[in-house]
Amino acid sequence: MNPRIPETHLGDGGLRQLLRRAADPRGAVVILLIVILIAIVVLNPGFAEPGALMRFIQRVSPVAIVAIGQYFVIVSGEFDLSMGAVVTAQVMTAGYLIGEDDSKTVPVLIIMLVIGVVVGLVNGLVTTLLKVPSFIVTLGTMLVIHGGVMWWTGGAATGNPAESFRQLGRGGIEGLPILDLLPYAVLILLAVTVFAVWISRRPFGRTVVAIGDNAQAVSFAGANVWRTKTLAFVLSSLAATVAGVLLAGYAGVHPSVGQGYEFTAITAVVLGGVVLGGGRGTVLGALIGAFTLESLFTLLNFTAVPATMRDAIQGAIIIAAVAYSGVVFAKKHKRPTTSANEPRDPGTTSAGAPSPIQLTGGDGAARK
Amino acid sequence: MKTHLRRLDTTALVYLALVGVLIISAVLVATTGRSFFSPGNIRDILTGMSVLGFVAIGQTLVILGASLDLSVPYVMSLASLVAAQTMNGNDAMVLPAVLLTLVVTACIGLANGLIVTVLGVHGFVATLGVGLMLKGYLDTNYQGTEGSVPWSFQLFGATGIGPVPISTIVMLALAGLVGFILVRTRFGHHLFAVGGNSEVARLSGVRQRLPLIGAHIGSSVCAGLAGLLLASRLGVGSPTVGSQGSYDLLSIAAVVLGGTVLMGGRGSIWGTIGGVAIFAVLDNLMSVMQFNPFLKDVIRGLVIIIAVALYARRRVIARRIRFIRSPTGPIIAAGSEPNGLEPNGLEPNRSEADISEAAGAHNGTGPVLDQESAPDQESASGHRSAPDHERSQG
């Protein structure tokens with residue numbers, strides 16, 4: 001695989017370009033996903049049926065939504081470690097406040113959204129205005145939220161919320177011709193994805209990526225760094241809230257729901273080609289990362305690998321993925337780019353596109 | 001008064017905060033009719049310091065090098081198991097077991113360091129991955145506690161001189177040793193240089209990889225020592241002893257609470273020990289006052305955020321004055337955050353080199369290094385003496 005193939009010779013270049021896309025870390029994760037899915041289908045042919053696929057997507061939705069939320073924070077160069085605690089808090093809130101009373105569903109949903117926004121605002125404002133590293137801020141809010149909710153609820157499972165609320169996470173539109181059942185979770189995931197892709201193409205999305213690359217340059221350029229970053233944190237905790245709503249329905253109310261979600265989300269995001277430290281990555285990349293991770297776990301369920309090795313494999317995969325994208329990036333970086341002065345990475349939201357990553361020109365200019 | 005406070009360096013501030021926490025604790029405990037400074041309570045606090053202290057010393061090394069170590073809880077669990085299984089109740093096996101544990105943990109640290117430096121993987125991801133691999137290994141191979149620690153080794157965790165436990169003395173001695181290494185040896189200076197700006201360090205003729213690998217080995221070995229201490233206290237090895245205490249995040253919080261900059265390159269061991277002491281005093285206070293365990297987490301989280309928020313602005317000023325004192329050296333931007341553009345009213349000192357330095361420091365944390373960028377090289381030649389300034393800090 002020679003990365004120096006000039007793009008102009010495209011006589012037989014179609015295949016070469018395809019190979020180039022495949023070697024790109026973002027392309028590689030798509031290929032990994034396809035390979036894993038094929039392996040699952042080989043081991044368990046029933047998986048390929050539309051109904052089973054829908055249930056798979058339904059199961060992945062919470063993780064995928066959390067990963068999409070985490071994407072905005074990671075790409076702006078920050079961390080959100082409080083996501084798992086927010087998920088737990090929302091699940092417990094739902095269980096505690098809604099109880100068996102159907103009429104409380106909507107008011108409590110609004111309360112949960114308000115909680116999500118407040119957590120995001122605190123994370124964002126303390127990070128940007130008080131200049132505390134986000135790792136520390138969100139670590140602190142993680143302890144505060146988790147401890148607070150457990151203190152409030154006594155740390156015990158409090159029964160399941162009303163059926164109308166749970167329908168969001170476990171129910172769906174029934175009686176469809178091929179699918180039989182289209183889970184609401186899949187629709188919500190679709191809506192979240194569309195919204196996230198849309199917003200990442202808006203000025204906000206571009207600014208977030210630029211801030212992750214070089215916050216000073218962005219602030220010199222006149223953008224409002226603190227407002228954008230705070231909004232990214234708000235989006236992140238709102239995503240955790242949505243995931244909490246789904247999980248309360250799907251998994252039930254238990255204090256362990258949501259545990260470790262922050263690291264799972266970061267793993268998924270990084271697997272999808274988003275760079276820790278910010279500045280590079282796409283929403284769809286994060287989404288594909290989440291699906292790859294979850295399908296990998298599904299594959300492990302079908303094989304004889306003990307469930308406890310799941311973590312070990314997750315660890316190996318995440319290191320390999322980052323190392324691989326680092327190596328590919330280093331190769332590209334050494335290549336003398338002729339297009340150094342173009343605006344960087346036009347394909348911010350399309351995961352498959354082999355957007356040439358050019359930091360040499362843009363970055364150097366930004367630093368002056 | 002305010003300017004005096006501003007002139008204090010961060011470590012002094014940490015200890016000032018510690019004194020404040022001690023006073024508040026003493027008053028609160030006195031209201032319940034007990035003495036906070038009774039020998040028994042002092043021993044409790046110092047005992048509480050020792051495990052987190054070991055981990056935080058190692059974590060300081062890694063964070064100074066602009067990396068992180070999230071694998072410590074699993075290294076601790078593994079260390080406790082290796083030690084307890086090798087000893088297996090046999091007095092004669094204590095020394096071999098300790099040595100074996102240290103070698104095993106050093107190998108894990110070496111793996112961490114190589115993944116971070118050679119493969120160029122962000123420390124967060126690398127150590128998270130290695131930690132997960134260790135967790136998988138532990139969960140697969142151990143169902144519960146295993147091995148047993150002979151009485152002679154249990155004394156390490158159980159005895160003390162007066163109210164001071166042996167383990168705390170060993171921890172403080174280790175802190176002294178690491179502090180000395182950081183301030184007086186080439187390894188220490190290089191670690192500061194690489195942590196501050198890896199690319200500038202390289203251009204100044206420092207091998208970037210060695211200090212960081214060394215720091216990771218140090219961190220894992222320190223976590224191994226903490227695991228040994230836990231094994232000696234429990235009398236057995238346990239596969240969950242590290243993760244139960246969430247030592248990864250708490251040690252990072254203690255290091256940052258102690259004034260070390262999360263982006264690397266600035267900080268000190270004694271600040272970390274101060275941060276650990278603040279945690280230990282708070283924990284002890286909350287136990288004595290019989291707080292709900294969940295409420296403890298809430299307070300811990302609030303203290304972390306508020307304390308670091310208080311330092312975050314002041315730190316910039318404290319550093320700046322130190323650098324102005326040097327007659328020849330250039331002024332280094334102390335913006336520890338990538339967006340640290342607000343110079344807190346010290347605008348006149350800001351030069352072009354400052355800005356490029358700050359930008360460089362930001363990019364230096366990832367693989368996204370811009371080797372051809374001219375400003376970086378300028379600042380490299382200008383800032384060659386940067387490590388020397390840090391010397392006065394450890």
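Every chain is numbered from 1, with letters handed out A, B, ... down the list of sequences.
Without hydrogens or angle criteria, B:S77 side chain to B:G242 main chain gives a donor-acceptor distance under 3.5 Å. Checked by atom type and distance alone, the side chain of B:E146 never pairs as donor or acceptor with a backbone atom of B:L81 at under 3.5 Å. No donor-acceptor pair closer than 3.5 Å links the side chain of B:S246 to the backbone N or O of B:S243.
Comparing B:V125, B:I304, B:I306 by how many heavy-atom pairs each has under 4.5 Å with chain A, the most go to B:V125.
Screening residues 266-279 of chain A for side chain to side chain donor-acceptor pair (under 3.5 Å) gives A:T267-A:Q314 as the qualifying pairs, with residues at least two apart or on separate chains.
Contacts of A:I317 with chain B are absent, with no heavy-atom separation under 4.5 Å from either backbone or side chain. Using a 4.5 Å cut-off between heavy atoms, A:I319 contacts chain B through both its backbone and its side chain. Using a 4.5 Å cut-off between heavy atoms, A:L81 touches chain B through its side chain atoms alone. At a 4.5 Å heavy-atom cutoff, the contact between B:A126 and chain A is made by backbone atoms alone. For A:V322, the parts lying near chain B are the backbone and the side chain together; criterion is any non-hydrogen pair under 4.5 Å. For B:L70, the part lying under 4.5 angstrom from a heavy atom of chain A is the side chain only. Looking at B:L257, neither its backbone nor its side chain comes within 4.5 Å of chain A, counting heavy atoms on both sides. For B:I115, the part sitting under 4.5 Å from any heavy atom of chain A is the side chain, from C-beta outward, and nothing else.
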**Intermediate values then yes/no, salt bridge (Lys or Arg N to Asp or Glu O under 4.0 Å), B:R300 and B:D283** = CA-CA 8 Å; B:R300 237 184 247 154; B:D283 266 7; 3.2 Å; yes
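With values rounded to the nearest 0.5 angstrom, B:Y247 atom OH is found 13.5 Å from B:Q59 atom CD.
Scanning for ring pair (Phe, Tyr, Trp, His ring centres under 6.0 Å) contacts around A:Y261 gives an empty result, with sequence neighbours left out.
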